[in-house]
Protein chains: 4
Amino acid sequence: MTSPSPLSGVVPPLLTPLTADGDIDIPSLERLIGHLLEGGVDGIFALGSSGEVAFWDDARRAAVLEAVTGTVAGQVPVIAGVIDMQTDRVVQHIRAAERFDLAGYVATAPFYAITGPEEIDTHFRAVAAATERPIWAYDLPVCVHVKLSAAALLRLGSDGVITGVKDSSGDDVGFRRLAAGNRAAGSPLTLLTGHEVVVDGAYLAGADGSVPGLGNVDPAGYVRMHEAARAGDWERVRREQDRIAQLFEIVFQPTDKVGPAAGVGAFKTALREMGIFSTNTMARPMSPLEGDAVDRIRGILEQTGMLGGSGPDADGA
Amino acid sequence: MTSPSPLSGVVPPLLTPLTADGDIDIPSLERLIGHLLEGGVDGIFALGSSGEVAFWDDARRAAVLEAVTGTVAGQVPVIAGVIDMQTDRVVQHIRAAERFDLAGYVATAPFYAITGPEEIDTHFRAVAAATERPIWAYDLPVCVHVKLSAAALLRLGSDGVITGVKDSSGDDVGFRRLAAGNRAAGSPLTLLTGHEVVVDGAYLAGADGSVPGLGNVDPAGYVRMHEAARAGDWERVRREQDRIAQLFEIVFQPTDKVGPAAGVGAFKTALREMGIFSTNTMARPMSPLEGDAVDRIRGILEQTGMLGGSGPDADGA
Amino acid sequence: MTSPSPLSGVVPPLLTPLTADGDIDIPSLERLIGHLLEGGVDGIFALGSSGEVAFWDDARRAAVLEAVTGTVAGQVPVIAGVIDMQTDRVVQHIRAAERFDLAGYVATAPFYAITGPEEIDTHFRAVAAATERPIWAYDLPVCVHVKLSAAALLRLGSDGVITGVKDSSGDDVGFRRLAAGNRAAGSPLTLLTGHEVVVDGAYLAGADGSVPGLGNVDPAGYVRMHEAARAGDWERVRREQDRIAQLFEIVFQPTDKVGPAAGVGAFKTALREMGIFSTNTMARPMSPLEGDAVDRIRGILEQTGMLGGSGPDADGA
Amino acid sequence: MTSPSPLSGVVPPLLTPLTADGDIDIPSLERLIGHLLEGGVDGIFALGSSGEVAFWDDARRAAVLEAVTGTVAGQVPVIAGVIDMQTDRVVQHIRAAERFDLAGYVATAPFYAITGPEEIDTHFRAVAAATERPIWAYDLPVCVHVKLSAAALLRLGSDGVITGVKDSSGDDVGFRRLAAGNRAAGSPLTLLTGHEVVVDGAYLAGADGSVPGLGNVDPAGYVRMHEAARAGDWERVRREQDRIAQLFEIVFQPTDKVGPAAGVGAFKTALREMGIFSTNTMARPMSPLEGDAVDRIRGILEQTGMLGGSGPDADGA
């Protein structure tokens, strides 16, 4: 929590609202960013998995960055995902993004092709060499199908190649080992967790902040949890996390979809029900949630106080 | 932490010390149990994975239970693993154990044969019907190759089939959902975590205690962490957990072994270096740790204050 | 096909028919064995996965071997599974089986506990040292969760520890490498494939025979395929295999079950529909197939000529 | 073998030779294509996994297609991989390739983002709608992390969305079910196998041809095997396959690399040793094979008669 990191705290991976025709829905995007800033977030992560980056071509990626950086207008730092299957394409995404006001980039290891430790190390070094801006390594085995080892990340951090890690590995033992190793090495890395419902444990282990997809829906809750963690008020951390975990149940309501069609679909649907999004349209080839799942999501929003009024608080304030 | 559970707190899965010939080493077992009781543990789990139950035949299992219950002599509750590949054998292990002073049994889902939710539910109900004593469900996908769902566990708990869960699933999101569901259902289940280095997060999520293999080596550390969690002293919880995590690095020192040959092998080696075990002999077909790994384990024990004196304390007390 | 192996050809893994109360159904077992011998099988594998060995205790295993060896009465060799989670138990199953007329034993690597190459090698050597009879290594990663490497198997074969391999690994590339390595080593191993619908390719690769669960239903088809392969009549091999593959669709009809509850359940249901079994009762905790799945299985049996008359033939003879 | 398919037989996934600086090595490419045509291949698959497509940006992909189609000059059909993580990008690769003389495109399901059956179906339909040329579905779970079901592929085939499947799934049971379903549906699909060492079994199951990476090294061997299969000379098929399997051992020689760095690295090294490639340079971030692995690869080439003379023949002709 004492890391002099360039980016810590709550950094939601920004959703990309779409019109019914599949275009970027600028008014909804402005409302979403307003919702996040009002909630007190410390930064915004554009073009992450929750932003459906895996479904955007180059033109759409540029349009998203233009809209987001224009709307945020420097009020908080914006970092951008440069997710692609190999080194050259990642570098090209960086080139295309250099004209925007960004605080850095988030890159994964190569995917599709199987690579080993040597190739992954070379990859991150080549990516970092392509820009003056900082690089976060994104550890997301469920998509990339490789786990970044603590030793590899710490070496990249100590060498100044990466500035931080977004950990969405689901490996809490690995995260604690990474955090301990990071402290022992003088904290070269900022550590952000991507797991919505166990952020409290990650804070105890040494996380500097969180990148929760659910933070699009309830940014203020995550901000309160972060502040409580910084203040050492762990009972409050736990209460906020428990309430947020209850809200997170929205992602389990779709029973006929998997992956982002279910999870991001639930976030988009919630934001539509909350009046922030105009539609819950998804990137093709995904279709939006409909029917009972929408009803159940609305029910959970009501139970957790997310509909109407100024929003919930774990203390009922 | 407020659960009226029959067993909470620190319940180490007892190692089984062996002589060089592979027999149960009674003097070492007595020293180990003394070490645990002195450390303040709340119970003992005999014949768990750390106890090498997967390598014992029926006669050896009975001998272990006789030695353990005789030595513990009612000072703390003892629960026993009744691990086997199918229902009838699990029931037979229960029959054989009924003559010992045990507080209950720990059973997994069937393994080797692939089973589905229906069979797993039937299995646990048949196991529970075979005894008056309580049953804990052991969720250990790395060995059983199935994840017990929160919904299934809560149904078994609400129906009085199981009294608790030992969670070694490595799925911290799933554990929080289980803990939340358990509270919502009136806490029919006691929840124990088996993950040595993220017990702090599990306490925040709602664990009632822990079953740490490393608790054989440092029972007092886990007991201090548990007491701090009950007292709401989360900074101390975290400090103890961080220190314990440093000690846990012993299991990563063997580079030519996997599974219990590495992990239990490291625990046994540590206890030998600490003067509690006479040997670090493993159940066949495993061989004991030798060479550099032993030296590195000894080095970690020294760094973490586990050799000599009255043991370490995260506050240096 | 030229291996001087003690057992080659078609060796079905014998199902265990049960009465409605779950006892061994001796008349059905006698009809099943008669069906297999009439079909011309070269041997019988009792207490394999298809025999539901994973659900039997020691008494039931002995009863099965007594009934099977008594009924077969030396007409073909019988080999027996000695499947259990660790070395000592496997040896005990061998001890218990030595009084029966058996041509050898089939053992897996240890399971539940994770083991590495060293432990697996030690395990098979200890198992083989316990008996004069030959040992087959059973490579079944879907249950044992480890793949036996060709190098390890060939070393065990060259050292006289194992006499053959039952390959149910689903790794056809690995099987070819094993077959090539076996030939290069002077064919110390007999190689049997356990994959019902790709036996033809396994014969081309170098299999000496097959251990097909579906062979309980259609032994004559597998025997015709084996004879055609020995005669080099590959068009006939292919036609038989295609017809058998059509019959194998029965295992995909249950939509609410997994594992043996589906696959062995389909075999048992087929044999009941064919008048060979009295029930399709499964070992607990499994329940028998009912409803639409049974109707669809009956439909497939009709389409493939398995109901009525003297059975099908790929040439319509 | 009787399919009226637009492309059957041997269709190697063309390697991309590079200069030491990482540029496309045109003279080596011309020699490779000459080697393949001389070997009698039926078509060429450019920009597949063996072509390192996963490491090429758009400009490099276009340069490869230009060089390949220019060199092949219509002598055999060329199909091109349009591999990318999502629908829009796949369509863009098709747009960029429309100016080249291509017989069709090879596309995978989306990857990185998890998708389900609905999204995969929509994806292939959108890809096919973008071109008049035929589409092959590429089933490669080791890279795409989803298995395309036979039912889904047959539906896409019957609807005219795809013309064929390149199966690199490693699931020989699934392949047989696909082949049987395809015949039952009137053979809407051409089925090509991508597994180098079990092509013989795939032919028996119903494959129309093969797409073997090793076919870059030994095209004539695969062509002889295909011709023997068409002639029903299965003993010769088997002999060729066994010889080719021996050659395939080159991919297991690198012990410090995984994925294409090992496999494609071995192919490139073999072609350099054979005098066809000038270097064994790999796409970044991969490094070329060096040291003992190269020596062992050379040894295997010598043993299998691939160095010097007019090449090997399973009959010694």
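By convention in this document, chain letters (A, B, ...) are assigned in the order of the sequence lines, proteins followed by strands, and residues within each chain are numbered from 1. The basis for the numbers below is simple: all heavy atoms, side chains too, and nothing from hydrogens, waters or symmetry mates.
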Is the shortest heavy-atom distance from the side chain of D:Ile114 to the side chain of A:Val142 under 4.5 Å?
yes
Out of curiosity, A:Arg89 CZ to D:Arg60 CZ, how far, rounded to the nearest 0.5 Å?
14.5 Å
Given D:Arg125, D:Met286, D:Gln86, the one with more heavy-atom pairs under 4.5 angstrom with chain A than any other is D:Gln86
Report which part of A:Glu119 has an atom under 4.5 Å of a heavy atom belonging to chain D: side chain, backbone, both, or neither.
both
Between D:Tyr112 and A:Thr108, is there a side-chain donor-acceptor contact under 3.5 Å, judged purely by atom types and distance?
no
Of D:Val144, D:Val91, D:Ile83, the largest count of non-hydrogen pairs under 4.5 angstrom with chain A goes to D:Ile83
Parallel, tilted or perpendicular for D:Phe111 and A:Phe111, by the 30°/60° rule?
perpendicular
So for D:Asp121, is it side chain, backbone, both, or neither that comes closer than 4.5 Å to the heavy atoms of chain A?
neither
Options D:Gly263, D:Ala54, D:Pro260, ranked by heavy-atom pairs under 4.5 Å with chain A, top entry
D:Ala54
Quick one: does D:Asp256's side chain get under 4.5 Å of A:Glu118's, heavy atoms only?
no
How long is the gap from NE2 on D:His123 to CZ on A:Phe55, to the nearest 0.5 Å?
10.5 Å
Name the region of A:Leu140, side chain, backbone, both or neither, that has any atom closer than 4.5 Å to a heavy atom of chain D.
side chain
Rounded to the nearest 0.5 Å, what separation is found between the CG atom of A:Asp58 and the CG atom of D:Asp58?
7.0 Å
Would you say D:Glu290 has more than 12 foreign heavy atoms packed within less than 6.0 Å of its CD?
no
Holding to salt bridge (Lys or Arg N to Asp or Glu O under 4.0 Å), I want the full list of residues that pass it with A:Asp88, two or more places apart in sequence or in another chain.
D:Arg284
